[in-house]
Amino acid sequence: MPLLDKSTSLTEVIAQIRDGACVMIGGFGVPGTPFTLIQELVRQGPKNLTLIKNDANEPGMGVDWLLSAGMVRRLITSHVGLNGNAVRMMNAGEIEVEFVAQGILAERIRAAGAGLKGFVSDIGIGTLLAQGKQTVEMDGATYLIEPALEADFALVHAARADTFGNLTYAATARNFNPLMAMAANCTIAEAEIIVPVGGIDPDAIHTPAPFVDHLVALPQELMEVYGVVKR
């Protein structure tokens, strides 16, 4: 029996993201950030989004496109320091920002993908990061309860995919993408190269196809920017 081809139209798949959605966006700075998916999200313009991303990118790219378009209500992130626009909007009360230590952010996402409701940690005890969080006493010490982070959608960038949705990431572009692909109700992947099933060595697969719902090919002009050579 042939496996499902998850390749789809960029416009059609992003249209699923409606006002008020919670969206995870892969990437660490530029590497692994799904710029094509973000651009289409900006074009379609859903409002009051909650974004979960390691960073706010830099001015004029990625997450900043969404911020500048007034589409973001809340940002859950580890830092915004490279984006002066995000800092300004936060200070002006135009967006709500929840800061999460980078390792805790990754683990909260991973926990959701593993089907856990959360975990305990002593990171942030006695600091602003602990405000409003539940605590628990264990072995004579106090720990924070860190809730799992899940989302309606995850947008990820892959170097290579097969038509069934198995994904491979290039080098540091791997970062948050595999975790987020597991933690969302619907995962949309953009890929530089899409090959038939069997075109990726099983040992090279970073995100298995069952975690991917939709697959979008990178436009030809962006393939040239990435220096992609089909083979």
Enquirer: Is there a donor-acceptor contact under 3.5 Å from the side chain of His206 to the main chain of Tyr169?
Expert: yes
Enquirer: Any side-chain to backbone donor/acceptor pair from Glu150 onto Ala112? Under 3.5 Å, distance only.
Expert: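 Absent.
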Enquirer: Can you tell me which residue pairs pass the side-chain hydrogen bond (donor to acceptor under 3.5 Å, both in side chains) test with a partner in residues 63-72, sequence neighbours excluded?
Expert: Asp64-Asn83, Asp64-Asn85, Ser68-Asn85
Enquirer: Dump the intermediate steps for side chain to side chain contact (heavy atoms under 4.5 Å, CB included) on Asp55 and Leu82, then the final yes or no.
Expert: CA-CA 8 Å; Asp55 57 276; Leu82 296 178; over 6 Å; no
Enquirer: Same cluster for Met89 and Val72 if Ile/Leu/Val/Met/Phe/Trp/Tyr side chains link at under 4.5 Å?
Expert: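 Hydrophobic grouping puts Met89 with Val72.
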Enquirer: Quick check on the hydrophobic clustering: are Ile25 and Ile109 connected, directly or via other members, by side-chain heavy-atom contacts under 4.5 Å?
Expert: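 No: no chain of side-chain contacts under 4.5 Å links Ile25 to Ile109.
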Enquirer: Evaluate the side-chain proximity of Tyr143 to Ile145: yes if any heavy-atom separation is below 4.5 Å, no if none is.
Expert: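 The answer is no, as the side chains (C-beta and beyond) never meet within the 4.5 Å cut-off.
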Enquirer: CG/Asp5 to OG1/Thr163 distance, rounded to the nearest 0.5 angstrom?
Expert: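 One finds 4.5 Å between CG of Asp5 and OG1 of Thr163.
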Enquirer: Do the side chains of Ile200 and Phe211 join up, straight or via other hydrophobic residues, at under 4.5 Å, putting them in one cluster?
Expert: no
Enquirer: Any side-chain hydrogen bond (donor to acceptor under 3.5 Å, both in side chains) involving residues 118-127? Give me the pairs, sequence neighbours left out, ordered by first then second residue.
Expert: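 Pairs touching residues 118-127 that pass the test: none.
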Enquirer: Nearest 0.5 Å, what's the CG-CG distance between Leu3 and Asp162?
Expert: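 Reported to 0.5 Å precision, the distance equals 8.5 Å.
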Enquirer: Show your working on side chain to side chain contact (heavy atoms under 4.5 Å, CB included) between Asn166 and Thr207 and close with a plain yes or no.
Expert: CA-CA 6 Å; Asn166 292 302; Thr207 294; over 6 Å; no
Enquirer: Applying the side chain to side chain contact (heavy atoms under 4.5 Å, CB included) criterion to Lys53, which one of Val23, Thr33, Ile76 satisfies it?
Expert: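 By the side chain to side chain contact (heavy atoms under 4.5 Å, CB included) criterion, Lys53 pairs with just one of Val23, Thr33, Ile76: Thr33.
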Enquirer: Side-chain contact, heavy-atom cut-off 4.5 Å: Arg108 with Pro147?
Expert: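 With C-beta onward as the side chain, the pair touches.
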Enquirer: Using modelled atom types only, decide if a donor and an acceptor are shared between the side chain of Asp19 and the backbone of Lys47 within a distance under 3.5 Å.
Expert: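 Yes.
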Enquirer: Ala191 and Ala161: which non-hydrogen atoms are nearest, and at how many Å?
Expert: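 Ala191 and Ala161 have their closest heavy atoms at CB-CB, 3.8 Å.
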Enquirer: If every non-hydrogen atom of Ala101 is compared with every non-hydrogen atom of Ile123, which pair is closest and at what distance?
Expert: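 For Ala101 versus Ile123, the nearest heavy atoms are CB-CG2, 4.4 Å.
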Enquirer: Does anything in residues 126-139 form a salt bridge (Lys or Arg N to Asp or Glu O under 4.0 Å)? List the pairs, not counting sequence neighbours.
Expert: Lys133-Glu146
Enquirer: Test side chain to side chain contact (heavy atoms under 4.5 Å, CB included) on Leu215 and Thr8; report intermediate values, then the result.
Expert: CA-CA 6 Å; Leu215 189 60; Thr8 190; 6.0 Å; no
Enquirer: Report the C-alpha distance between Phe153 and Thr187 in whole Å, list the side-chain angles of each, state the deciding distance to 0.1 Å, and finish with yes or no for side chain to side chain contact (heavy atoms under 4.5 Å, CB included).
Expert: CA-CA 6 Å; Phe153 297 90; Thr187 295; over 6 Å; no
Enquirer: State, with a plain yes or no, whether a side-chain heavy atom of Gln102 is found less than 4.5 Å away from one of Phe28.
Expert: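 Contact flag for Gln102/Phe28 side chains = yes.
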Enquirer: How far apart are the closest heavy atoms of Asn177 and Gly26, and which atoms are they?
Expert: OD1-CA, 3.3 Å
Enquirer: Residues in side-chain contact (heavy atoms from CB on, under 4.5 Å) with Thr11, at least two apart?
Expert: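 Once residues adjacent in sequence are excluded, the partners of Thr11 under the side-chain contact (heavy atoms from CB on, under 4.5 Å) criterion are Ser9, Glu40, Arg43, Gln44.
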Enquirer: Would you name the heavy atoms of Val212 and Gly165 that are closest together and state the gap between them?
Expert: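 Heavy-atom minimum between the residues: CG2-O, 3.2 Å.
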Enquirer: Out of curiosity, His157 NE2 to Ile38 CD1, how far, rounded to the nearest 0.5 Å?
Expert: 11.0 Å
Enquirer: What pairs with Arg74 under salt bridge (Lys or Arg N to Asp or Glu O under 4.0 Å), at least two apart in sequence or on another chain?
Expert: Glu96, Glu98
Enquirer: Apply the side chain to side chain contact (heavy atoms under 4.5 Å, CB included) test between Val80 and each candidate in Leu75, Asn57, Val63; give the one that qualifies.
Expert: Leu75
Enquirer: So, is the end of the Lys6 side chain (NZ or CZ) under 6.0 Å from the ring centre of Phe164 and within 45° of the ring's axis?
Expert: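 Judged by the rule (NZ or CZ under 6.0 Å from the ring centre, within 45° of its axis), Lys6 counts as positioned above Phe164.
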Enquirer: Do side-chain atoms of Ser78 reach the backbone of Asn54 as a donor and acceptor pair under 3.5 angstrom?
Expert: yes
Enquirer: Are Ile14 and Val42 connected, step by step, through hydrophobic side chains (Ile, Leu, Val, Met, Phe, Trp, Tyr) whose heavy atoms are closer than 4.5 Å?
Expert: yes
Enquirer: Quick one: does Leu49's side chain get under 4.5 Å of Leu41's, heavy atoms only?
Expert: yes
Enquirer: Heavy-atom distance under 4.5 Å between the side chains of Ile52 and Leu105, does that happen here?
Expert: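 Heavy-atom side-chain distance check passes, below 4.5 Å.
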Enquirer: Considering all heavy atoms of both residues, which atom of Leu149 and which atom of Met24 are nearest to each other, and what is their separation?
Expert: O-CE, 3.1 Å
Enquirer: Is a side-chain N or O of Arg18 found less than 3.5 angstrom from the main chain of Ala15, in a donor-acceptor match?
Expert: yes
Enquirer: In the structure I gave you, are the side-chain heavy atoms of Leu66 and Leu51 within less than 4.5 Å of one another anywhere?
Expert: yes
Enquirer: Strictly by modelled atom types, are Gln16 and His214 linked by a side-chain donor-acceptor pair under 3.5 Å?
Expert: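 There is such a pair (donor and acceptor under 3.5 Å, judged by atom type) between the side chains of Gln16 and His214.
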Enquirer: Keeping to residues at least two apart or across chains, list the salt bridge (Lys or Arg N to Asp or Glu O under 4.0 Å) pairs with something in residues 79-91.
Expert: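 Salt bridge (Lys or Arg N to Asp or Glu O under 4.0 Å) check on residues 79-91 returns Arg88-Glu94.
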Enquirer: Please report the shortest heavy-atom distance between Ile95 and Leu67, naming the atom on each side.
Expert: CD1-CD2, 4.0 Å
Enquirer: Same hydrophobic cluster for Leu37 and Phe35, using side-chain heavy-atom links shorter than 4.5 Å among ILVMFWY?
Expert: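 As far as the 4.5 Å side-chain criterion goes, Phe35 and Leu37 are connected within one cluster.
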